[in-house]
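To keep things clear, I will list the structure first and then write my remarks on it.
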2 protein chains.
Amino acid sequence: MKKYQKIYADLKSKIEAREYELEAFLPSENVMTKHYDCSRNTLRNALSQLAQEGYIQSIHGKGVRVIFHPQRNQSRLVLDGIESFKDSLVRNNQLEQQAKTEIKVFAEMIVNSKLEELTSFPIGMEIYYIQRVRYINDQALIIDHNYFRKDIVEGLTKDIAISSIYKYIEKTLNQKIVRTSWTIMVEKATEEDLEILDLEGFDCVCVATKYVFNDQGMMFEFSKSRHHPKHFVFSGQAKRNN
Amino acid sequence: MKKYQKIYADLKSKIEAREYELEAFLPSENVMTKHYDCSRNTLRNALSQLAQEGYIQSIHGKGVRVIFHPQRNQSRLVLDGIESFKDSLVRNNQLEQQAKTEIKVFAEMIVNSKLEELTSFPIGMEIYYIQRVRYINDQALIIDHNYFRKDIVEGLTKDIAISSIYKYIEKTLNQKIVRTSWTIMVEKATEEDLEILDLEGFDCVCVATKYVFNDQGMMFEFSKSRHHPKHFVFSGQAKRNN
DNA sequence: TGGTATTTGTCCGTATGTATC
DNA sequence: GGATACATACGGACAAATACC
């Protein structure tokens, strides 16, 4: 592990362990560089990551303040835009709950003009189209529509789609999933939504649209996930630019 | 303006002007440091900001790839978690549309245990509570419930709440709004929601919960915004940690 | 009020490691 | 293997905001 990653991990764990209180200041950069025996640059690299994730905030002339203590054990499944379904379950400590994935469609397609408009993949490109339903405790919560570039996510199969496509991409294909760009909106439930999800009286679904990029900066996935509104939580951080 | 900010702004404008195509590479860091007559540190500071906003992605050993061209003229109002209502209108080029704000409640309160649980302000703290309804083209789209720390947002009035509280905080109180932490979920519409918002057949609203921090790392605002589901879009970027 | 020390912000230069071509 | 490009790390200098006496 890199030096700055060790420092990042150490500080993060101390914050999570409440070793530094909310609104308290970390030791000064000067003190910390001595403690970690590193240069100020390296320390600040670690700090900037923590700041990016919303753990701390540097205040000019004063110090570095702790502004966030993550909470565990939410009642709903909290998503953050980049994780796989499985990852979210783990982070939310809900793996003891029964999770299941059902494949409705597994197909290979060629992008036509309609698909181009939807996915923004170029016309003529070969893609996989996969439709899956996600269950927790036997309740259908999410309908996933995934479109993958075939040349990047080679050799996808039904079996892989049932377990974890992201794991396949990262472990087997050895590609890194780096970044997503997403939007969330609400749509009226379709016939299919009503059929598959037990909406418990709701007449709408939450639709998360995602564009996913690998470590080469290539978009290899477009997906629309239709979520049961009662079990949908999305969270994040935002920074104001000056 | 700082040197790295100039470089950031210059590169950003060039990307937006499509001077660099999607998936194309920027000139190498070496070339750019010469062009901008700066150190590699300074250039990388600028690049890291662009990466954070999802414009570029560095690829080890290859170069820095453009991965995003912002789009304009969405049909819905796109929010990003940190802007004020007014800011969003401007960014979405919808200021020519008629925007209006109505104050339903303007009150000073002291945090009790129930409010503490809701807002996470400590018991006994003095706060402002403001309930507002946001209209675009005479259609009620958002019900805002804002809670402000009175000691930080001093001197708030109804008149200010009708125009722009954020403008007051930044221009008059000279405080900077730096960061928000937010979550989004869907809730069944309440009586009040149905009364105020014309939900056009929807039976639910989008609820955005925000914790807002100033440049001192102090949380000074808690708010819940109940959005008309048909006119709600939330978008952002997420990065996967390794 | 003012000066000094502390703390973070910006910027520079250099060296070495690692991935890609 | 060599050249190129980004990643990590060290060190130093000065500016700007803040705290303290």
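Below, read A as the first sequence line, B as the second, and so on, with proteins coming before strands; counting in each chain starts at 1.
Straight-line distance from the CD atom of A:Q49 to the C1' atom of D:dA7: 13 Å, rounded to whole Å. Nucleotide D:dA5 holds its C1' atom 14 Å from the CD1 atom of B:I56, rounded to whole Å. Atom pair B:Y36:OH and C:dT10:C1' shows a separation of 18 Å (rounding to whole Å applied). Separating the CG atom of B:N41 from the P atom of D:dA7 is a distance of 13 Å, rounded to the nearest angstrom. One interatomic measurement links the two molecules: NZ of A:K176 to C1' of D:dC6, which rounds to 13 Å at whole-angstrom precision. Rounded to whole Å, atom C1' of C:dT14 lies 13 Å from atom CG of B:N30. In this structure, OH of B:Y4 is placed 12 Å from C1' of C:dC11, rounded to the nearest angstrom. Rounding to whole angstrom units, CG of residue A:D215 and P of C:dT20 are separated by 8 Å.
Side chain A:R40 to base C:dG9: a donor-acceptor pair is found below 3.5 Å. The base of D:dA7 does not come close enough to the side chain of B:H60 for any donor and acceptor atom to sit less than 3.5 Å apart.
Phosphate contact (OP1/OP2 of D:dA7, side-chain N/O of B:R44, threshold under 4.0 Å): present. Taking side-chain N and O atoms only, A:T42 has a distance below 4.0 Å to OP1 or OP2 of D:dC10.
Using modelled atom types and a 3.5 Å distance limit, the side chains of A:Q52 and B:Q52 yield a donor-acceptor pair.
Of the candidates D:dC6, C:dC12, D:dA19, D:dA19 carries the atom nearest the A:K62 side chain, counting heavy atoms from C-beta on.
One finds no salt bridge joining B:K176 and B:E170 here, because no Lys/Arg side-chain nitrogen approaches an Asp/Glu carboxylate oxygen to under 4.0 Å. A salt bridge does not link B:K6 with B:D10: none of the charged nitrogens is closer than 4.0 Å to a carboxylate oxygen. Between A:R149 and A:E126 there is no salt bridge, since no side-chain nitrogen of the basic residue lies less than 4.0 Å from a carboxylate oxygen of the acidic one.
Residue order along DNA chain D, read from the 5' end via each residue's closest nucleotide, puts B:S28 first among A:K3 and B:S28. Taking for each of B:K2 and B:I59 the nucleotide of DNA chain D with the nearest heavy atom, the 5'-most of the two is the partner of B:I59.
Each of B:F220, B:Y147, B:F222 was evaluated against B:Y211; a single residue qualifies, B:F222, per the ring pair (Phe, Tyr, Trp, His ring centres under 6.0 Å) test.
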